[in-house]
Amino acid sequence: MVAAIKEFCLGLHSLATGLAVTLEQFFRRPVTVHYPWEVLELPARYRGHIVLVRDEQTGRLRCIACKMCERICPSDCIVVEGAKLPGESRKSVTEFKLDFTKCSLCGLCVEVCPVDALAFSKRYNLASTRKADYESMDLCELAKAGDAK
Amino acid sequence: MSPGHPTDSSVSAAAPRETFVLNVGPQHPATHGVLRLKLTMDGEYVLHAEPVIGYAHRMHEKMGENRTYVQFLPNPSRIDYLSAMHYMHAYVCVVERALGIEVPPRAEYIRVITSELNRIASHLVWFGAFLLDLGAFTPLLYAFDDREKILDLLEAVTGSRLTYCYYRFGGLCNDVDEQFIEGTRAFVKHMRGRLGMYHKLVTENLILRKRLEGIGVISAELCRKYGATGPVLRGSGVPCDVRKLEPYSVYPEFEFDVPHFAEGDCMARYKVRMEEIAQSLRIIEQAIAKLPPGPVMAEKVPRVIKPPPGDYYFAVEAARGRFAIRLVSDGTEVPYRLKLRTPSFSNLALFGEAARGLLMQDALALLGSLDLVIPDVDR
Ligand code: SF4
Ligand code: SF4
């Protein structure tokens, strides 16, 4: 009998503390962010899908089509083709296809690039009803579209 | 109905006790992933439990054999996605051991800080999910609020929230900034207060104690039999922690205890993990105070990783227990064999024996207290 009363009191006590903690929370500011009305700022190092970077001085894509990224990618999602423009010793990129459906966003390609021609984008609202949209993303086209904006 | 079939209900009541098979999963709110439990039940009691695994098998070991050392870097953090830093730690360290690379102290300190942050985040997920299994919804929201703070900190330095891929052979891919140090310091302070609140709200709660105390007792002998490690083993009274027994990285430089409780019940495992959060905070605090300046990448890392032929082994204390990698190199650019010893697999293995004779809801409490990550079991 005594034990039962004791237990009852203990139960009441834990109930009261639980409610007190909840009540305290009730008067705090909400911790949730009301996306999409509020959007958090992404950190500078955020790893989105990769994009080609332009040289600031010449305005051309930095990539020299050395295929290092193509070789290091663990998921085989990069295809690069390049050609030498007349009168130049270095190659220029003519085609850069990314299979984003397979990319694991590991960043190895960005790290390996000898001329820093790759960067992470901050795009994350990526959705489509067609697989083809992301199976073969043309990064050269994307770079052009980015410039147009 | 076929003739002669007994239709009278009194007949079945007199019949020998009937058992039935209950399937829990592969998709079930109490299994945290695609685990299937085949439970032979006698009414509410579990007579026999058989975990069926393999639904999330992704061939990580085999993948290790068909790609270069660098190309395997994204994989370890995807084996146990809640414990990504620890798994990366084991992988980069086994390769560093094979190559004989010295890692600069600053890099090791940052590895310890990020690993311990990751351990807290992992325990917080377990805390929320475990209580959800027991029927308490609110603590999950508090736990995820705190975990979010850790994820924000780690995202700012690594660029991703879960599969960090932050360590490299010989160091780290980039240094931490002052903002991270400040944020971590503030988090340690914040988390201490929150721990007190958790104890008040949850640990001392009568209902929780009734659900956990004396339930699902696992003996140290049973742990030994199945190779269980981590909080499960420490909840059975064995102070076994890889960080103390086979010190790696800069752990010997820090003061921390290995919490262990002899009861072996669900409550003991609960208390071990909660106490571990406090210990991790202690380690982080010391590591930040002592963080040396300097480079975060060793100088002599070969561009092409080709460890000399041999057999290498490295174990770390992950959030769920001992994670170890055995690497066999034949001197080429691709590992010959990459054996992964994952803690969840061994911890799950003892479930069949430990759950025998338990009530259904106690068996689920036991399952939750093992803190399983199914991709870690299947790998
Ligand atoms: S590694 Fe850099 S330069 Fe070479 S192909 Fe890739 S993006 Fe171009
Ligand atoms: S981020 Fe990783 S997976 Fe994605 S394209 Fe680059 S190397 Fe390949």
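Letters A, B, ... are given to chains in the order of the sequence lines, protein chains preceding strands, and every chain is numbered from 1. Computed over heavy atoms, backbone and side chain alike; hydrogens, waters and symmetry mates excluded. Keep in mind that this is a model prediction, so the values were computed, not measured.
Heavy atoms of Asp145(B) lying under 4.5 Å from chain A belong exclusively to its side chain. Using a 4.5 Å cut-off between heavy atoms, Leu73(B) contacts chain A through its side chain alone, with no backbone atom that close. Interface remark: Val31(A) contributes side-chain atoms only to the contact with chain B (heavy atom separation under 4.5 Å). Heavy atoms of Tyr142(B) lying under 4.5 Å from chain A belong exclusively to its side chain. Heavy atoms closer than 4.5 Å to chain B are found in both the backbone and the side chain of Glu7(A). Both the backbone and the side chain of Pro74(A) come within contact range of chain B, judged by heavy atoms closer than 4.5 Å.
Comparing Arg78(B), Arg209(B), Lys200(B) by heavy-atom pairs within less than 4.5 Å of chain A, the highest count is held by Arg78(B). By number of non-hydrogen pairs under 4.5 angstrom with chain A, the leading residue of Thr158(B), Val202(B), Asn75(B), Leu208(B) is Thr158(B). Contact tally against chain A (heavy-atom pairs below 4.5 Å) for Met197(B), Arg168(B), Arg303(B): the top residue is Arg168(B). Among Ala156(B), Cys173(B), Ser77(B), the residue making the largest number of heavy-atom pairs under 4.5 Å with chain A is Ala156(B).
Contacts of residues 101-132 of chain A with chain B at a heavy-atom distance below 4.5 Å involve Ser104(A), Cys106(A), Leu108(A), Glu111(A), listed in sequence order.
The side-chain heavy atoms of Phe96(A) and Cys69(A), taken from C-beta on, include a pair separated by under 4.5 Å.
For Thr94(A) (side chain) and Glu81(A) (main-chain N/O), a donor-acceptor pair under 3.5 Å exists by modelled atom type. For Tyr87(B) (side chain) and Leu82(B) (main-chain N/O), no donor-acceptor pair under 3.5 Å exists by modelled atom type.
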Take Glu155(B) and Arg45(A) through the test salt bridge (charged side-chain N to carboxylate O under 4.0 Å, His left out) and record every step on the way to the result. CA-CA 8 Å; Glu155(B) 187 187 20; Arg45(A) 287 178 186 169; over 6 Å; no
Residues Asp152(B), Arg161(B); criterion side-chain contact (heavy atoms from CB on, under 4.5 Å); working and verdict: CA-CA 7 Å; Asp152(B) 285 345; Arg161(B) 295 177 78 78; 3.1 Å; yes
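Interatomic distance, Lys91(A) NZ to Leu85(A) CG, rounded to the nearest 0.5 Å: 11.5 Å. Atoms CD and CG, from Glu148(B) and Leu153(B) in turn, are 11.0 Å apart once rounded to the nearest 0.5 Å. Taken to the nearest 0.5 Å, the CE atom of Met267(B) stands 5.5 Å off from the NZ atom of Lys271(B).
Between Phe127(B) and Phe144(B), the gap from one ring centroid to the other reaches at least 6.0 Å.
Under the 4.0 Å criterion applied to side-chain N and carboxylate O atoms, Glu333(B) and Arg71(A) are not assigned as salt-bridge partners.
For the pair Arg106(B) and Tyr109(B), the cation does not sit on the ring face, since its NZ or CZ is not both under 6.0 Å from the ring centre and inside 45° of the axis.
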